[in-house]
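Below you'll find the structure, written out as structure tokens, and then a few comments.
Every number for a ligand or one of its atoms is a count from 1 in the order of the listing.
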Amino acid sequence: MSFVRSVLSPLRDPEPAIDPSREPNAHATPARVKVLYIAGYGRSGTTLLDIALGEHPAVMGGGEIATLARHVWANDEYCACGASVRACPVWREIVTDWRAGEPPTLIDDYRRAQERTETILGLGRIAERWRGDAHAARTVKLLRAVVARSARPVVVDSSKLPGRALALAAMEGIELFVVHVVRDPRGVAWSLNKAIKRQVDKGVQRELRPKPLAYTALRWSIVNLATEWLCRRVGPGRHVRVRYEEFVADPPATLARILTLVGERPVPSVLGAPMVPQHQVAGSRHRMQSAITIASDERWKTAMPRLRRWWVTLLTAPLLRRYGYALGVPAEDES
Ligand SMILES: [Zn+2]
């Protein structure tokens with residue numbers, strides 16, 4: 001098991017914290033909003049990557065922004081800063097900007113439009129364009145408010161599912177980049193095979209029941225294939241594939257690849273500095289920790305019964321090979 005003491009933590013002291021109380025900065029809102037979308041399956045380190053990227057002074061780690069209108073705002077769920085989202089000094093101001101000039105039903109309307117448009121097949125997106133695409137205008141307005149209130153030109157959206165990114169890719173006001181995060185499906189399936197109790201203030205909004213291994217294995221394959229389709233849609237030079245195992249083994253190298261993709265200069269890492277989650281609006285429960293050190297989670301290699309490992313291997317074999325994972329059950333020193 002590898003263990004990484006520190007990650008890219010650029011200029012933590014000189015970099016001022018996000019101050020949303022100041023007026024939005026017009027210079028921070030270019031013609032198109034630069035969105036870095038983290039796509040992939042759950043339990044693959046997507047929230048961890050969001051937090052790590054948010055350490056860069058040009059990047060706002062927004063968390064799973066798709067959930068803001070779906071349930072986070074309505075339920076007043078917790079932001080990574082520790083405040084509920086309606087009390088969070090950043091998201092409160094972002095939503096105030098977003099609501100300006102909109103009907104009181106904005107959030108419900110937006111949620112319904114998300115259900116129509118953020119799908120793989122995209123039929124809802126075609127219908128939405130035919131209606132004049134108010135949803136695109138509202139999405140750009142929301143993301144522009146995120147840029148303005150954070151004064152950071154790159155917004156990370158780690159909503160994971162490729163359907164939302166396909167919708168974003170079709171919006172003219174958005175310059176979309178995609179990070180396709182892949183993790184060994186045996187680690188994913190083992191992690192999701194365990195129950196997690198509801199702990200609202202710890203970022204777990206509802207009890208998470210164990211997912212059957214076959215269910216996870218098949219969905220993992222579908223989501224990753226759909227993400228590959230997404231990467232083809234955004235085109236060359238707009239996406240990068242990251243393996244979870246490589247990210248946790250060498251965070252600065254992975255972050256440098258991603259930052260280069262969006263045109264930002266990687267800055268030197270500061271050894272020994274844990275990450276401090278900022279305002280990830282939703283994501284894994286790890287975002288509620290006050291300080292995070294990146295460490296790989298390879299417990300499945302010793303804890304997962306051999307037969308179950310082979311079952312997941314069998315169901316995911318074609319993509320396992322494609323993403324460079326050994327079909328044989330890896331020994332502890334492999335990754
Ligand atoms: Zn917050």
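- Less than 2.8 Å away from the Zn ion (ligand 1), the protein contributes these N/O/S atoms: C79 SG, C81 SG, C88 SG, H279 ND1.
- The cationic group of R183 does not satisfy the cation-pi geometry with F247, failing either the under 6.0 Å distance to the six-membered ring centre or the 45° limit from the ring axis.
- Each ring-ring contact (aromatic ring centres under 6.0 Å, His included) pair with one or both residues in residues 79-102, not counting sequence neighbours, appears once here: W98-Y110.
- Looking at heavy atoms from C-beta onward, E118 lies in side-chain contact with R70 at the 4.5 angstrom threshold.
- Between L213 and M304, the closest side-chain pair of non-hydrogen atoms falls below 4.5 Å.
- Within the 4.5 Å cutoff, the side chain of L142 has heavy atoms near those of the L68 side chain.
- Panel note: side chain R144, backbone A31; a donor-acceptor pair is recorded below 3.5 Å.
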